[in-house]
Every structure is written in structure tokens, then in C-alpha cells.
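Residues: numbered from 1 along the sequence shown. What you see is a predicted model; the values in this text were computed from it and never measured.
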Amino acid sequence: MEETGGASAYGASLAGGGFDFYRFIRQPQTIVRILSWIFALVVFATITSEGYVNSAHSVEAKCIFNQNDSACHYAIGIGVIAFLACVAFLMLDVYLPFMSSAQERKYAVMADLGFSGAWSFLWFVCFCLLASQWAKTHDVNGIPEDAARATVAFSFFSITTWGILTYFALGRFRRGVSEVSIPTYTEAPPDHHTPYPPTYAPTSYNPTTYTPTTYTAYPSSVPDMHQQPPFTPNPQVQGDAGYQPPSY
């Protein structure tokens, strides 16, 4: 799944970004994969339905390509496997953005690259085999020539589409290898100068200087309402100062 903008890994957006169906359908890789699926369907379906005919001298049905059953069997096998592989890789392209591991994405892209490259070569062999056997077919009485030509033509088209898929997969693999700094898949290097892990490093303690509060005395002109009177050692009772006890 190709991404033209934003953070990505191996040609797909990072996990959690969601899936856009319309954007997925419009991508060149998806279009070419669907074409490969159609071409493979045409090849094996045509041979299965019209690829075997019996001659006037035999009741046994033979392959229309120079009566070489191996050529028809080979084309059917390559077509069926390519048909199923296209469905599988389309599902893989849909699931690729939801992979949270870069290693899993790497394996998926490598599988796409290896299979697409191998089937490009096998389709080339299929095209050469069918074309050579059709060129050697001289008795075309009762043979559906249009079906034979369509099989050869779509075999050639499959070489092109699978070659393009190989190119796309190679581009995604190279781009994924070069993306070495992705926040989702990398961790911060440990700091060996800090005795605590970066997450639990204590904050620096800055003690605040305590400044005592200075109290200002009241002015002397203001009378103190709570001031005690001066102490008198021997208080005298007023009114009885001239009293003398009688003497006997």
C-alpha cells in the first residue's frame, strides 16, 4: 500500500492511522494486482473450458496447443496459483497498515517481492511454451483459434503486470530499509550519565531561603491599653489611714 505523505514504514502508514478504502483502490499497486488477477483468471478459465478438443480420428480430448497436454497443464497450474496469490496479497496489502511491528512488515514485503519475481519468470516460461506450441499446431480444424490466441496474449500481459508488481515491491523494500528513524519502532537510547532511568529521574531540589518576618514596635506616644500598673509592695486601705488599735 503506497503512501505519498505522512509517516510511513515499508510503503504503508503507521499503525493506528486507519484504512482508507478509496485511496487503497486508486493506488497503482492495487490496480496492477487486480489486472494480474483478471489475466490469470482468463488464462486458466479459457484453457479449462476450450483448451481441450478431440480430433475426428480420436475420442480422447487433447490440448489445442499441438496436442501437448503438458503445455495446458502448466498454464492452468500457473494461472490458478497466480489467481489465488493475487487475492492473498490484496488482503495482505489491506492488513499491512495495521501491523505494529516493522519486522512483520519487512517479511510481508519480502514475500511479495519474492513471489512476484518468481511468477514474472514463470509467466515468461508459460508464454514461450504456449507460443511455440501454437506455432507448431498446423491442423486447426475444430480448434477455437480465438481462445488459443487469447491464452497466449494474456500470458504475455501477465509477464508485464507481475514485473510491475515486482518493481513496486522492490521499491517498498528499499524505502523500508532506509527508514531507520521511525518513532513508533525505535526506543530512546539510555543515558549512562544519569543514575535513574529517564522516566524516573528526580527533579532538582532548590531550597527556598526563609526570611523571618520583622515586627515593628508600636510608637511610644500610643498608650498601651494592656499595660499592668506599677507594683506596690504594701498597699494601704484608703479611708482607714488614721485608725489606731486600742491598747490595754
Thr30 (side chain) donor-acceptor with Phe24 (main chain) under 3.5 angstrom:
yes

Side chain proximity check, Ile81 to Trp119, heavy atoms < 4.5 angstrom
yes

Residue pairs passing the disulfide (SG to SG under 2.5 Å) test with at least one member in residues 78-166, sequence neighbours excluded, are none

Partners passing side-chain hydrogen bond (donor to acceptor under 3.5 Å, both in side chains) against Ser155 (at least two apart in sequence or in another chain)
none

Please name all residues satisfying side-chain contact (heavy atoms from CB on, under 4.5 Å) with Asp69, sequence neighbours left out, ordered by chain then number.
Tyr52, Lys62, Cys63, His73

Quick check: do Phe65 and Lys136 have side-chain heavy atoms less than 4.5 Å from each other?
no

Set of side-chain hydrogen bond (donor to acceptor under 3.5 Å, both in side chains) partners for Tyr107, sequence neighbours left out
Gln103

Do Phe157 and Thr160 have side chains that get closer than 4.5 Å, going by heavy atoms?
no

Does any pair with a residue in residues 140-151 pass side-chain hydrogen bond (donor to acceptor under 3.5 Å, both in side chains), and if so which ones, sequence neighbours excluded?
Asp139-Asn141, Glu145-Arg149

Applying a strict under-4.5 Å side-chain criterion to I, L, V, M, F, W and Y, I'd like to know whether Leu170 and Ile159 cluster together.
no

Checking Thr161 now: which residues fulfil side-chain hydrogen bond (donor to acceptor under 3.5 Å, both in side chains) with it, not counting sequence neighbours?
Ser36

Would a 4.5 Å heavy-atom cut-off, applied to side chains only, mark Phe156 and Val152 as touching?
no

Are any side-chain N or O atoms of Asn66 and backbone N or O atoms of Asn68, one a donor and one an acceptor, separated by less than 3.5 Å?
no

Identify the heavy atoms of Leu130 and Ala75 that sit nearest to each other, and give their distance.
CD1-CB, 4.1 Å

Can you name the residues that form a ring pair (Phe, Tyr, Trp, His ring centres under 6.0 Å) with Phe83, not counting sequence neighbours?
Trp37, Phe44

Shortest non-hydrogen contact between Ser120 and Gly163, atoms and distance:
OG-N, 3.1 Å

Spacing of CD1 belonging to Ile78 relative to OH belonging to Tyr74, to within rounding of 0.5 Å:
4.0 Å

Are Val43 and Leu35 connected, step by step, through hydrophobic side chains (Ile, Leu, Val, Met, Phe, Trp, Tyr) whose heavy atoms are closer than 4.5 Å?
yes

Please identify each residue that fulfils side-chain contact (heavy atoms from CB on, under 4.5 Å) with Tyr95, with sequence neighbours left out.
Phe98, Met99

Of all residues at least two apart in sequence or in a different chain, which pass the side-chain contact (heavy atoms from CB on, under 4.5 Å) check with Val42?
Ile38, Thr46, Phe154

List in chain and number order the residues that pass salt bridge (Lys or Arg N to Asp or Glu O under 4.0 Å) with Glu50, two or more places apart in sequence or in another chain; answer none if no residue qualifies.
none

side-chain contact (heavy atoms from CB on, under 4.5 Å) partners of Ile143, counting only residues at least two apart
Val53, Ile64, Trp134, Thr137

Note, Asn54 side chain near Glu60 side chain (heavy atom, < 4.5 Å):
no

Enter the distance from Ile34:CD1 to Leu90:CG here, rounded to the nearest 0.5 Å.
6.0 Å

Give every donor-acceptor pair under 3.5 Å between a side-chain atom in residues 108-116 and any protein atom, sequence neighbours left out.
| from | atom 1 | to | atom 2 | distance (Å) |
| --- | --- | --- | --- | --- |
| Asp112 | OD1 | Ser116 | OG | 3.0 |
| Asp112 | OD2 | Gln29 | NE2 | 3.4 |
| Asp112 | OD2 | Arg33 | NH2 | 3.0 |
| Asp112 | OD2 | Arg172 | NH2 | 3.3 |
| Ser116 | OG | Asp112 | O | 2.8 |

